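Structure first, commentary second.
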Amino acid sequence: MLFNSYIFILAFLPITIIGYFGLNRLGRTEAAKVFLLGMSFWFYGYFRLSYLAILVMSIVVNYLLFLIFTKKDPSGKKRNAVLIAGLVINIGTLGFFKYLDFIFESINFVFGADIPLTGILLPLGISFFTFQQIGFIVDAYRGETENYKFIDYALFVSFFPQLVAGPIVTHAELIPQLKDPERKRIKADNFAAGLTSFILGLSKKILLADVFAKAVDYAWNTVELLSPIDTALAVLSFYLQIYFDFSGYSDMAIGLGKMLNLDLPMNFDSPYKSVTIREYWKRWHMTLTAFLTKYLYIPLGGSRKGKVRTYLNVMIVFLVSGIWHGAGTGYIFWGLFHGAGMVFCRIFEKPLKWMESHKITKALLWIFNTAYVAVLFSIFRGESLGKGIEFLKHLIPAAGHSSFALPQSFLLPMFQTYELNYALKLLHVPVNEYGGLILCIGYIVVAMAIILFAPNVRQITAKVKEKPRAVFAIPVALALVWSFVSLSGISTYIYYNF
Amino acid sequence: MYKDRNKRNKYAGFIGTMAGIVLALCAAVAALVIIVDPFFHYHAPLSGFPYIIDDQLTQNPGIAKHFEYDSISIGSSVSVNFKVSWFDELFGTKTAKLPYNGAYPKDISNAFKLADKSGKDLKAVFWGIDIAAYSADPEEIKYPLPEYLYDRNPLNDVFYVFNKDVIVKYIVEPYINKALETDKDEYYCSAQYFSYGRSRVLSGVDQIPKTALTAPETRAQNISDSLKRLEVNWEKNLRPMIESRPDTIVYVYFPPRSVLYWYEFRQKDQMDTVISEEKKLAELLLAYDNVKLYYFEDDTDTITDFDNYNDTVHFSFDVSRQILEKMAAGEDELTAENYEETIDAFGRFVNEYDYDSLFLQSE
């Protein structure tokens, strides 16, 4: 199920809230947890029942491993063996569903083999709940887990707000909250803040991310026709799409948790304000950074084994991050170049600090960092390095062609949303071919202004929690209604062809 | 426990204000869509409201359910440029247009079923044939349908009732700017939006070399395969339409595509397959007393005059009018006696036509 759907907003969410708090109010706290687990399973199984089967099996197997650690409490080699088994099972499952066809394709390409691809479907969110459980198994191995009941563990993994796309929550963060009696009564401050976060996240997804997505999809489907300006627009559009989409999803997840009195960790903190890659990774997908730091970087030695080893550890972490993001050379390349950026920031730490402390050089740093992140995201979007490079080549004008050609006539309609169309009419901007270009750039400028100058969703919801003024409810309500009616549209196919 | 009862009331005020605004606005939006109903899902068009009728996928089911008609026009984008009043003038019927651009046989069947289940009497069906689409998979449709407008499930009407495009494009905009209203005599028509002529038509055609003639066995196999696929579509999608309404006259026509449409078939030595399919379909159709079959593909004056076309396939209002006039007058009718000879003759015309001179003239 998607958060941005009628069935979720009109049916799933009200039923979940009423059922969960209702059962708790009746004193049926265990039943409330089972109810929440059932709803989470419905949420996940709505995509495809086979996905649910995989999730349940994964939960059961990992809980059994946990029981071995806690009940049998093996030591020495046996303990290591159980850990290795856990890692192999989890990584193997992830590898099977996510990477098997990529491995076959790579073997076929390198060795000229002809292994048939399986076409196996990737269960949604498997990267997230696998990582979550790997962290859990490692903590169980280290003796850092409590005596969790199955219901608490199952709910920790499958809690619907964070199941499909994070934030990556640890057991220590979530399970104590699930057991806390104080959190079982509906609380108006949390509900108000959570609702606000959910609505603003929904708006980011529907009103911003999905608009950019149409232009990006169109550009990537017509790569051979792209002019330099088309390509630049598409690069910026994807850079914006992925932020509003992913951070919007996290806002919704955090908001849903908050409505249920469960605090999920922050995942985005205005990452596009970053001026260096190092700062970027402190603000972007923060829970992934925390996970990789705790379970990979530090066990590798972190920064405790000299500079060269530190740089190597950073590169390993970002190689793993790239692979985790997707099965394709584009993801690996993206990860490695972010790793290289991180290493660069370490090597040139002092000069970068100096540049950050002066306005003009800070602005230059921001421009470079933004361009670096945006261009790498286009490789990410391409999935394969070849496709990414082929796409980015179109930033360079072809021989004999002007470097400035107006965007394709079919690219512009992707940005012709009612909202910006009417805004331009009010400002008396003509809607001719240049007006169309103004629309594209206008949308990007508005989006960047929101990112750089507006308070982020976390800051807004903190304000709501601190000072719940009814007048603030008006724009939030309007955002919800506008996003709600934007969930459905009329597809206008370019279909005058037969 | 809240120490500040005042603050708890403020949160309640915040949530209450939000809920109140959301519920009020949603109720207003829903009421607006249900009352105006631009897709005619609930009721016939309100008199006086400037409706826009331009989206076949969303508006065909409503037109079939709630418009007044006793005949229907079905087919692809080639069949959209008939004015509704022409049917009345030439055939004495009130006609609803239910085309689907790019229609496969399943789309044709779906269009017929929309009218069939409306419970209305159907005096006539006007059906344009796009033979190249008739060997498609029998379950294939050209574009996904918005099922919420095709079924009776009221719950999924949320996709219609809370739909920004419906609200803005089909209610607010035409209400503010009455010039956007679709003339109900010309809904779905597109001929007025394009320019016509040789250079326009030629711009959509690439000159390609002639391929070697297909070996006889391969040719026979190709023809056999395509006829099998056509027959499957006939059984599943087309025959039931004709047999379910034996009292309905079905006017079937092969529309006049420009001669350049056939160029690629000729160059790739595929005309035999097309001609075989046309003859097979004609044979199947002519077995029924309630079918009247017309062949306009061989109207050589029309198909070689590119002023009639805005691409290789789509023709003007004038040509559309001619089609109806000829059908009303019984001209160019195919019969069991003449269909093979007529269609074969057209195949020879296309195979022998001097296409190269068209490309030379354009240089």
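Letters go in sequence order (proteins before strands), and every chain restarts at 1. Note that the coordinates shown come from a computational prediction; the quantities given were computed from them, not determined experimentally.
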Problem - Residues of residues 464-485 of chain A contacting chain B, heavy-atom criterion under 4.5 Å, by residue number - result: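 Answer by number: A:V464, A:K465, A:E466, A:P468, A:R469, A:A470, A:F472, A:A473, A:I474, A:V476, A:A477, A:L478, A:L480, A:V481, A:W482, A:F484, A:V485.
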Practice task
Considering non-hydrogen atoms only, spot the tightest contact between A:S488 and B:N163 and give its length.
Solution key: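 The answer is OG-ND2, 3.0 Å.
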Practice task
Would you please go through residues 31-39 of chain B and name the residues with a non-hydrogen atom below 4.5 Å from one of chain A, in numerical order?
Solution key: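 Those residues of residues 31-39 of chain B which have a heavy atom under 4.5 Å from chain A are B:F39.
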Problem - Plane angle bin for B:F159 and A:Y6 - parallel if under 30°, tilted between 30 and 60°, otherwise perpendicular - result: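 Plane angle over 60°, so perpendicular.
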Is the count of non-hydrogen atoms from other residues, nucleotides or ligands lying under 6.0 Å from [X] atom [atom1] greater than 12?
X: A:Y46; atom1: OH; result: no
X: B:E264; atom1: CD; result: no
X: B:K10; atom1: NZ; result: no

Practice task
Counting only heavy atoms closer than 4.5 Å, note whether A:L195 contacts chain B via side chain, backbone, both or neither.
Solution key: side chain
Problem - Within the 6.0 Å centroid threshold, strictly below: A:F191 and B:Y11 - result: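 Here the rings of B:Y11 and A:F191 have centres that are no less than 6.0 Å from each other.
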Exercise for the section: Any chance you could measure B:Y170, atom OH, to A:I490, atom CD1, to the nearest 0.5 Å? Expected result: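 Here the rounded value is 6.5 Å.
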Practice task
Could you have a look at B:T17, B:I21, B:V158 and say which one has the most heavy-atom pairs with chain A under 4.5 angstrom?
Solution key: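 The residue among B:T17, B:I21, B:V158 with the greatest pair count is B:V158.
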Practice task
Identify which of B:V166, B:V22, B:V29, B:L155 forms the greatest number of heavy-atom pairs closer than 4.5 Å to chain A.
Solution key: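 Looking at each of B:V166, B:V22, B:V29, B:L155 in turn, B:V22 comes out on top.
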